[in-house]
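Index from 1, following the sequence. Excluded from the calculations below are hydrogen atoms, water molecules and symmetry mates; all remaining heavy atoms, backbone and side chain alike, are included. Not measured: the values here are computed from a predicted model.
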Amino acid sequence: MTLDDLTVPLRALRLLAVDFPHLPAPDVDVSPVFPEWLRLSLHDTSCESLAAFEQWRTALRIAPEAVDSRTQSDGRTRVLKAEGQFAGAVIVLTAYADEPAADRASAGQAGGVR
C-alpha cells in the first residue's frame, strides 16, 4: 500500500479543514488498515469534548440516533461514537470525557446499564 491509497480520507480531511475551520480540533487518524476511514477523536477531562462531538456530528449531518453512548473504565469515562460519510470517506467520530461522580454512583445503583 502507498500513500496514494489513502487519498480518500486525506481528501476528506483537507475538505473538513476548509469547510469547518471554526470547529474544535480533533485528534486525526488515517491508517492503511482501514484505507477508506478518517477517524476524528475528541478527548477532554471535562465534558467539553461531548459538546465538540455534537458540533462535529451536526456539521457532518450524522443523525442523533446514529450515536452510540457508553461508558468504559468501570464507568469513569463516557464515550460517544458515530459513523457517517463525508467526501467519500467513512468518518468515525468519537468523544471521550470523564463521567461525573454523581452519574457513576447512579449507574452503579442501576446495575451499570446505559
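- Looking only at distances, no side-chain donor or acceptor of Asp19 sits under 3.5 Å from a matching main-chain atom of Leu16.
- When atom types are taken as modelled, the side chain of Arg78 and the backbone of Asp98 share no donor-acceptor pair closer than 3.5 angstrom.
- Linking ILVMFWY side-chain heavy atoms closer than 4.5 Å, directly or via other members, places Leu15 and Leu60 in a single hydrophobic cluster.
- Using a 4.5 Å heavy-atom threshold, the side chains of Leu40 and Val92 count as separate.
- Of the inter-residue distances, the one linking Glu36 atom CD with Ile91 atom CD1 reads 11.0 Å to the nearest 0.5 angstrom.
- Note: the hydrophobic cluster containing Val28 does not contain Trp37 (ILVMFWY, side chain heavy atoms under 4.5 Å, direct or indirect links).
- To the nearest 0.5 Å, atoms CZ (Arg39) and CG (Asp27) are separated by 12.5 Å.
- Of all heavy-atom pairs between Arg57 and Ala63, the closest is NH1-C, 3.8 Å.
- Hydrophobic clustering (side-chain heavy atoms under 4.5 Å, transitive across Ile, Leu, Val, Met, Phe, Trp, Tyr) keeps Val33 apart from Leu38.
- Considering CZ of Arg14 and OG1 of Thr7, their distance stands at 10.0 Å, rounded to 0.5 Å.
- Remark: side-chain polar atoms of Ser49 are paired, donor with acceptor, to backbone N or O of Tyr96 under 3.5 angstrom.
- Looking at Phe53 and Val67, their side chains come closer than 4.5 Å, going by heavy atoms from C-beta outward.
- Of the possible polar contacts, none joining the Thr58 side chain to the Gln55 backbone as a donor-acceptor pair under 3.5 Å is found.
- Under the 30°/60° scheme for interplanar angles, the aromatic rings of Trp56 and Phe20 are found to stand perpendicular.
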List the steps and the verdict of side-chain contact (heavy atoms from CB on, under 4.5 Å) for Asp29 and Phe34. CA-CA 10 Å; Asp29 181 40; Phe34 298 102; over 6 Å; no
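- Residues Ala12 and Ala89 come closest through the heavy atom pair CB-CB, 3.7 Å.
- The only member of Leu50, Thr94, Leu93, Leu23 that meets side chain to side chain contact (heavy atoms under 4.5 Å, CB included) when paired with Leu42 is Leu93.
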